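Beneath this line is the structure, given in structure tokens, with notes to follow.
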Amino acid sequence: MKTRRSFFWGLLAVLLLGWISTVLFAIDETEIAVVTRFGRPLPKVAQPGLNVKMPWPIDDVERLDSRLLLFDNEPIEMLTADKKNLLIDSFICWHIADPLRYTQTVRTRDEAEARLLDISVSELGAAIGSEPMDSFLDVTGKSVKFADISRRVTEAMNQITSAGFGIEVLDFQINGFNFPDQNRSSVISRMRAERSRIATRYRSEGEESALVIKAEATTERERILARARSMADSIRGAGEAEALRILGEAYAEDPEFYRFLRTLESYKKIIDEETTIFIESDSKLMKVLTGE
């Protein structure tokens with residue numbers, strides 16, 4: 001009998017200790033927690049570390065992830081303002097800003113992301129529907145509005161999620177887009193035509209620039225040649241004047257010898273090994289040959 005009674009009191013003590021141990025609970029540094037009393041959240045949010053609550057089943061603990069969370073949406077087909085279909089791929093960065101409201105409304109991450117998906121599709125569809133295709137596809141990149149659309153969707157989502165679910169959307173980004181199979185070929189053809197038009201414009205501008213460069217080079221060449229001819233004529237004129245001066249001085253020094261040299265030079269030009277000439281006996285040329 002004593003053994004049974006001891007066992008009973010021992011078991012009761014173990015159960016009591018186990019029940020009392022539910023008063024203490026530890027929160028990881030990556031978490032926050034909301035204590036619920038009979039299913040209703042208490043206003044105080046439990047921070048990382050050791051915390052105290054009423055024992056089970058009075059109080060229970062809802063553990064929440066306090067980190068920055070990423071939700072990657074599946075590509076969704078949407079319509080632009082000019083009735084073009086696009087497959088938009090996006091992601092959402094969010095975190096729990098109000099743990100109490102979060103616990104009262106969505107409670108779980110899956111439910112929160114389901115709400116985020118519904119809101120993002122609605123707001124993104126409105127933003128995409130207000131923009132033409134050129135806001136997403138432009139070869140120059142000047143009219144692409146991905147950043148502006150992302151900012152507008154982020155602000156619109158935040159207004160809904162902060163007040164309604166205690167969720168703060170830190171960033172919404174479009175990380176890619178594509179075209180449905182039924183209109184992909186037409187879009188690619190349009191892109192090729194646009195690229196061809198730009199290439200033709202670039203070639204035309206290049207040819208025009210080449211003509212301008214060639215004309216400038218030709219003008220510069222003629223200017224250099226004209227200057228060179230002028231310098232050559234000047235040098236040639238100075239050389240001829242100097243030659244005439246030297247020739248005049250030589251002639252004045254010995255006119256007879258000069259005439260003799262000139263005569264020999266004329267012989268050299270008009271007489272070769274096969275030349276036969278007839279000269280009168282009183283010719284100056286004959287006097288030179290005979291030494292008279």
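Keep in mind that what you see is a predicted model, and the values were worked out from it rather than measured.
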Give every residue pair that meets the salt bridge (Lys or Arg N to Asp or Glu O under 4.0 Å) criterion with at least one member in residues 232-244, sequence neighbours excluded. Asp233-Arg236, Glu242-Arg245
If you apply the rule side-chain contact (heavy atoms from CB on, under 4.5 Å), what do you find for Leu124 with Met78, and how did you get there? CA-CA 9 Å; Leu124 181 60; Met78 295 185 174; 3.7 Å; yes
For Asp60, which residues count as a side chain to side chain contact (heavy atoms under 4.5 Å, CB included) partner, sequence neighbours excluded? Thr36
If a pair satisfies salt bridge (Lys or Arg N to Asp or Glu O under 4.0 Å) and one of its residues is in residues 33-45, list it, with sequence neighbours excluded. Arg37-Asp59
Looking only at non-hydrogen atoms, find the nearest pair between Phe172 and Ser150 and report the distance. O-CB, 3.1 Å
Applying side chain to side chain contact (heavy atoms under 4.5 Å, CB included), can you list everything that pairs with Gln47, at least two apart in sequence or on another chain? Ile32, Val45
Return the set of residues passing side chain to side chain contact (heavy atoms under 4.5 Å, CB included) with Thr103 (not counting sequence neighbours), or none when no residue passes. Val34, Pro41, Glu62, Leu64, Arg107
Short side-chain to backbone donor-acceptor contact, Asp82 and Pro132, under 3.5 Å: no
N/O donor-acceptor pairs under 3.5 Å from side chains in residues 65-73, not counting sequence neighbours:
from: Asp65; atom 1: OD1; to: Arg67; atom 2: N; distance (Å): 3.0
from: Asp65; atom 1: OD1; to: Arg67; atom 2: NE; distance (Å): 3.0
from: Asp65; atom 1: OD2; to: Arg67; atom 2: NE; distance (Å): 3.4
from: Asp65; atom 1: OD2; to: Arg67; atom 2: NH2; distance (Å): 2.8
from: Ser66; atom 1: OG; to: Thr30; atom 2: O; distance (Å): 2.8
from: Ser66; atom 1: OG; to: Glu31; atom 2: N; distance (Å): 3.4
from: Asn73; atom 1: ND2; to: Ser90; atom 2: OG; distance (Å): 3.1

Is it true that the side chains of Asp171 and Gln173 contain a donor and an acceptor less than 3.5 Å apart? yes
Please tabulate, for side-chain N and O atoms in residues 113-122, each donor-acceptor pair with protein atoms closer than 3.5 Å (sequence neighbours left out).
from: Glu113; atom 1: OE2; to: Arg109; atom 2: NE; distance (Å): 2.9
from: Glu113; atom 1: OE2; to: Arg109; atom 2: NH2; distance (Å): 3.4
from: Arg115; atom 1: NE; to: Glu111; atom 2: OE2; distance (Å): 3.0
from: Arg115; atom 1: NH2; to: Glu111; atom 2: OE2; distance (Å): 3.3
from: Ser120; atom 1: OG; to: Leu116; atom 2: O; distance (Å): 3.0
from: Ser120; atom 1: OG; to: Leu117; atom 2: O; distance (Å): 3.0

Any side-chain heavy atom of Leu86 sitting closer than 4.5 Å to one from Thr80? yes
Contacts of Asp28 that satisfy salt bridge (charged side-chain N to carboxylate O under 4.0 Å, His left out) - sequence neighbours left out: none
Restricting to non-hydrogen atoms, name the atom on Arg151 and the atom on Asp148 that form the minimum distance, rounded to 0.1 Å. NH2-OD1, 2.6 Å
Rounded to the nearest 0.5 angstrom, the CG-OG1 distance for Asp98 and Thr105 is 8.5 Å
So for atom CZ, which belongs to Arg221, do other residues, nucleotides or ligands contribute more than 12 heavy atoms lying within a distance under 6.0 Å? no
Rounded distance [0.5 Å steps], CD1 in Ile128 versus CE in Met133: 10.0 Å
Kindly determine whether Ile76 and Leu87 satisfy side-chain contact (heavy atoms from CB on, under 4.5 Å), including the steps that lead there. CA-CA 5 Å; Ile76 301 173; Leu87 285 174; over 6 Å; no
List in chain and number order the residues that pass salt bridge (charged side-chain N to carboxylate O under 4.0 Å, His left out) with Glu222, two or more places apart in sequence or in another chain; answer none if no residue qualifies. none
Taking Ser196's backbone N and O only, do any of them form a donor-acceptor pair with Thr200's side chain (distance below 3.5 Å, no angle check)? yes
Closest approach of Val153 and Ala127, non-hydrogen atoms and distance? CG2-CB, 4.1 Å
Non-hydrogen atoms of Val61 and Ala33 that approach each other most closely: CG1-CB, 3.7 Å
Contacts table for residues 156-170: side-chain donor-acceptor under 3.5 angstrom, sequence neighbours left out:
from: Asn158; atom 1: OD1; to: Ser162; atom 2: OG; distance (Å): 3.1
from: Asn158; atom 1: OD1; to: Val169; atom 2: N; distance (Å): 3.0
from: Asn158; atom 1: ND2; to: Val169; atom 2: O; distance (Å): 3.2
from: Thr161; atom 1: OG1; to: Met157; atom 2: O; distance (Å): 3.0
from: Thr161; atom 1: OG1; to: Ile167; atom 2: O; distance (Å): 2.9
from: Ser162; atom 1: OG; to: Asn158; atom 2: O; distance (Å): 2.9
from: Ser162; atom 1: OG; to: Ile167; atom 2: O; distance (Å): 3.4
from: Glu168; atom 1: OE1; to: His95; atom 2: NE2; distance (Å): 2.8

Looking only at heavy atoms, the pair that brings Ser130 and Ala81 closest together is C-CB, 3.9 Å
Applying side chain to side chain contact (heavy atoms under 4.5 Å, CB included) to Tyr202 and not counting sequence neighbours gives Ile198, Glu205
Quick one: ring-ring contact (aromatic ring centres under 6.0 Å, His included) partners of Phe177, sequence neighbours excluded? Phe146, Phe179
Donor-acceptor pair, side chain of Thr219 and main chain of Ala215, under 3.5 angstrom: yes
